Number of protein chains: 2
Amino acid sequence: MSQRKGRPPRISRAEVVETARRIVDEEGVDRLTMRRLAKEIGSTPMALYHHVRDKERLLVLLLDDYAARNMHRPELPDDPRERVVVVAAAIRRTLAACPWIVEVLTADDLMSEAALWFVEQIMDGLIECGLAPDEAVHGYRAVWYYTVGEMIVRAAGERRRADDDRPTYRERVFAEVDAAELPRVALVARRWAELTAEDTYLDGLRALVDGLTAGARPGGGGERRTP
Amino acid sequence: MSQRKGRPPRISRAEVVETARRIVDEEGVDRLTMRRLAKEIGSTPMALYHHVRDKERLLVLLLDDYAARNMHRPELPDDPRERVVVVAAAIRRTLAACPWIVEVLTADDLMSEAALWFVEQIMDGLIECGLAPDEAVHGYRAVWYYTVGEMIVRAAGERRRADDDRPTYRERVFAEVDAAELPRVALVARRWAELTAEDTYLDGLRALVDGLTAGARPGGGGERRTP
DNA sequence: ACCTGAACACCGTTCAAGT
DNA sequence: ACCTGAACACCGTTCAAGT
């Protein structure tokens, strides 16, 4: 069409994101700096700022890129409640595999084009269980909160276990628990680390989805109960 | 007792934490640096490292300190399910009031002495609803995941709303939603920002607690149903 | 429009030395 | 044992100038 005015670009946003992805994959998110990225791309730090607003935005672009490449759509069960569970678990499985995710989740939501299919399925399952569209949005959000929280707490726990000199502090708190004052906690204090290391994501998710859909009367294509 | 050997300390860990708290309260967590803290305390950056392991640890100490000062125990309702809800909401209310919390939650759990009373009450409520102690730990964790996730996602949303030039990106994704492919999402796309800005923490929490306790037979001091 | 170079205003932490 | 000074190895971003 029309001749673009000004100097032709030497690097592109796609190239910036791609190079950033390579650095993060190979060396971890800590090694991704604007200077390092510029060097890798054969340019200067400031050239990057013509293609991404700032570093935080770059991280969000990286997450969207990751989602587009890695979020594979699972087979959908017929039961709407189970559908919500399966889809949420698929989101979590994909995101949990990418260790730098926590950096981005604290900066922004996952709400790229690639992710919307998953949102659609969760909302659809909830609506089929009898929730109104607005309630389904809030239901989706509840599932998302639970999933984000699980990923972040798990990542923190893993990091803590990696720095293996650290146990002392938490363990001391638990060792000093007064069984008269805190009988329930005292009962499990010794096994706390072991119990919280278990992966119970699915159990909690099922409970949440059950709770969200209990009491709503199903409709919208699913089985229907007597009114 | 015995005379301590070596040079007497000029600064204490308590003084370090207290000064750090003042900086964070007055100027935000971004302004808390080891150099700034040292200057404020009238010492050098490296002196701090004799009292706290590193900056991350300092942030955790700060959270524990905050919890000890601000987590006020709520009145406990008789109904065990409602007790879980009230106690979780009390945790969340306190932590949500402290905007730097997300920095720490991604680094470690909240598991200070002050927090254990809240853990106790949640476990107690769940056990009274019929959960076994191990299940109550996992139930508590599910509530904690949900609460952490809600706080982090909400904080990110608020930050996004503060940088008010940013809407374009998410809004464009939603504006381009294909109603044939994603009918449920399309239905609410226009109102997404508005719907997700609503505070529905309690609704989701109630659903989760209902789901966690449904099916378990109550006992352990509460009302009992026919077996 | 796009890119460069230099500079600003910082970081957390290690190390070796002092008291 | 506790503290200091200097240094290491960096950051993200602004600004003014070039093409």
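No hydrogens, no waters, no symmetry mates; every other heavy atom, side chains included, goes into these values. If you're wondering where the values come from, they're calculated on a predicted model, not measured in any experiment.
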Worksheet item: Ile11(A) side chain: which of dC3(C), dC3(D), dT13(D) is closest?
Response: dC3(C)
Practice prompt. Send over the distance from Met46(B) CE to dT14(C) P, rounded to a whole Å.
Written response: 7 Å
Worksheet item: In whole angstrom, what separates Leu37(B)'s CG from dT13(C)'s C1'?
Response: 15 Å
Discussion item. Measuring from atom OG1 of Thr106(B) to atom CD1 of Ile101(B), what distance do you get when rounded to the nearest 0.5 angstrom?
Written reply: 10.5 Å
Worksheet item: Rounded to whole angstroms, how far apart are NZ on Lys39(A) and C1' on dA9(D)?
Response: 12 Å
Worksheet item: Using purine N1 to pyrimidine N3 plus N6-O4 or O6-N4 for Watson-Crick, or N1-O2 and O6-N3 for G-U wobble, each under 3.5 Å, what pairs with dG5(D)?
Response: dC15(C)
Item to complete: For His50(A) and dT14(D), give me the distance from atom NE2 to atom P, rounded to whole Å.
Response: 12 Å
Fill in: Between P of dC3(D) and CZ of Arg13(B), the distance in whole Å
14 Å
Practice prompt. Let me know the distance between CG of Asp54(B) and C1' of dT14(C), rounded to the nearest Å.
Written response: 13 Å
Worksheet item: Taking atom C1' in both dC11(D) and dC8(C), what distance in whole Å separates the two?
Response: 12 Å
Discussion item. Strictly by Watson-Crick or wobble contacts shorter than 3.5 Å, is anything paired with dC10(D), and which nucleotide is it?
Written reply: none
Worksheet item: Distance from Arg93(A) atom CZ to Tyr201(A) atom OH, nearest 0.5 Å?
Response: 10.5 Å
Worksheet item: Is the number of heavy atoms from other residues, nucleotides or ligands within 6.0 Å of CD (Glu113(B)) greater than 12?
Response: no
Discussion item. Can you see if the side chain of Thr33(A) gets near the phosphate of dC11(D) - specifically, an N or O under 4.0 Å from OP1 or OP2?
Written reply: yes
Discussion item. So, OP1 or OP2 of dT13(C): does either fall under 4.0 Å of a side-chain N or O from Tyr49(B)?
Written reply: yes
Worksheet item: Nearest to the side chain of Arg10(A) - dC3(C), dC11(D), dT13(C)?
Response: dC3(C)
Discussion item. Strictly below 4.0 Å: does His51(A) bring a side-chain N or O up to OP1 or OP2 of dC3(C)?
Written reply: yes
Worksheet entry | Given DNA chain D, 5'-ward residue of the pair Leu32(A) and Gly42(B), judged by closest heavy atom | Gly42(B)
Worksheet entry | salt bridge (Lys or Arg N to Asp or Glu O under 4.0 Å) between Asp199(B) and Arg154(B), worked out | CA-CA 9 Å; Asp199(B) 182 355; Arg154(B) 190 179 35 73; over 6 Å; no
Item to complete: State which of dT4(D), dT13(D), dT4(C) makes the closest approach to the side chain of Ala47(A).
Response: dT4(C)
Worksheet entry | Nearest-nucleotide 5' precedence on DNA chain C, Arg36(B) against Thr44(A) | Thr44(A)
Response to the item:
Side-chain contact check for Lys55(B): nearest option of dC3(D), dT4(C), dG12(C) is dG12(C)
Worksheet entry | Arg190(A) atom CZ: more than 12 heavy-atom contacts under 6.0 Å | no
Fill in: Rounded distance in Å - CZ (Arg57(B)) to C1' (dT13(C))
18 Å
Worksheet, complete the sentence: note: Asp30(A), atom CG; dT13(C), atom P; distance rounded to Å ~ 12 Å
